[in-house]
Structures are given as structure tokens and as C-alpha cells.
Amino acid sequence: QVQLVESGGGSVQAGGSLRLSCAASGTTHGTNYMAWFRQAPGKEREGIAAISTYGIETYYSDSVKGRFTISQVSAKDTVYLQMNSLKPEDTAKYYCAAAIGYPLDSLSISGYTYWGQGTQVTVSS
């Protein structure tokens, strides 16, 4: 079992920045990808950033590319999401997820087994 705990959410004005953290614990061996997803009210959960073990590969959705950066320290233990140039449309609950093995699509919900409880990000105009 892998436990994931997100932190760092909050309220910020448009153009501002936030950094989310995801702390992983438990049996992290075998989790080769970690990712951030988000879900806005009334919308489906979408994958926005993913990172492979040791940060060798990163993936971003078009909606956040160039503004958000995913990074990892102490392989598999902590994953960050640096969010810059935030927009009101970035308002959502942000979730950390961990995949066992190698997902076919690193930004697809179906590739991930473990999920955190989420942290709210609200961006005002």
C-alpha cells in the first residue's frame, strides 16, 4: 500500500504562484510514475503532469505546459508541482497519484492505483 498526502493548496490571485507537495509513504517500491490530476466542479478529473522515477521523463497537458513544473526528490518520496502564471480556470481540487509499473498513458486516470485526498486551489481574477 502507498499513502499519498498533498499539501500546499490555497487561494491566490491570477498571475500568482503556488507549489503543491505530495508526500508518499508505505510500500513505494514498484511505483514508477507519479502524477498530478485536477478536478473542477462539474468536470472530469484530468491529468496535468506526470513524472517517472528519478525524474527521467516528464509529461504535461497542453493546458499547463509552460506554466507548471513537476519535480521529484528522494525518488518516489516527495513530488512537487510548481504552478506559475495561475489563471482562474486553474481552480480545482488537485490530486496526487502513483502508478504501479508503467502506465500506457501517463496522464490517464486508468494508469494510476493510489490517490491522495486532494488539495484545493482557488485562483481569483
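Values below: every heavy atom of this structure, side chains too, minus hydrogens, waters and symmetry copies. Since the structure is predicted, the reported quantities are computational estimates derived from the model, not experimental observations.
The shortest side-chain heavy-atom distance between Tyr114 and Gln3 does not fall under the 4.5 Å cut-off. A 4.5 Å side-chain heavy-atom check between Val121 and Leu20 finds at least one atom pair inside the cut-off. Side-chain atoms of Met83 and Tyr94, non-hydrogen and from C-beta on, do get closer than 4.5 Å to each other. Between Phe68 and Leu18, the closest side-chain pair of non-hydrogen atoms is not below 4.5 Å. In this structure the side chain of Tyr95 never reaches within 4.5 angstrom of the side chain of Trp36, judged on heavy atoms. Put simply, the side chain of Leu81 reaches to within 4.5 Å of the side chain of Ile48, judged on heavy atoms. Side-chain contact between Leu4 and Met34 is present, with heavy atoms from C-beta onward closer than 4.5 Å.
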**OP:** Take Phe37 and Trp115 through the ring pair (Phe, Tyr, Trp, His ring centres under 6.0 Å) test and state the conclusion after the steps.
**Re:** CA-CA 10 Å; Phe37 289 75; Trp115 294 84; 4.8 Å; yes
**OP:** Under the side-chain hydrogen bond (donor to acceptor under 3.5 Å, both in side chains) rule, what do Tyr80 and Gln82 come out as? Steps first, then yes or no, please.
**Re:** CA-CA 6 Å; Tyr80 299 102; Gln82 178 66 43; over 6 Å; no
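For Ser110, the side-chain hydrogen bond (donor to acceptor under 3.5 Å, both in side chains) partners at least two apart in sequence or on another chain are Ser108. Residues meeting the salt bridge (Lys or Arg N to Asp or Glu O under 4.0 Å) test with Lys65, sequence neighbours left out: Asp62. Applying the side chain to side chain contact (heavy atoms under 4.5 Å, CB included) criterion to Gln13, with sequence neighbours excluded, gives Ser124. Taking the side chain to side chain contact (heavy atoms under 4.5 Å, CB included) definition, one finds that Leu104 meets it with nothing, sequence neighbours left out.
Taking NZ of Lys93 as the start and CZ of Arg45 as the end, the distance is 8.5 Å to the nearest 0.5 Å.
Sorted by first and then second residue, the disulfide (SG to SG under 2.5 Å) pairs with a member in residues 35-71 form an empty list; sequence neighbours excluded. Sorted by first and then second residue, the pairs that involve residues 24-43 and meet salt bridge (charged side-chain N to carboxylate O under 4.0 Å, His left out), not counting sequence neighbours, are Arg38-Glu46, Arg38-Asp90.
The main-chain N or O of Tyr33 is never found under 3.5 Å from a side-chain atom of Tyr102 such that the two would form a donor-acceptor pair.
By the criterion of side-chain heavy atoms lying less than 4.5 angstrom apart, applied directly or through intervening Ile, Leu, Val, Met, Phe, Trp or Tyr residues, Val64 is grouped together with Ile70 in one hydrophobic cluster.
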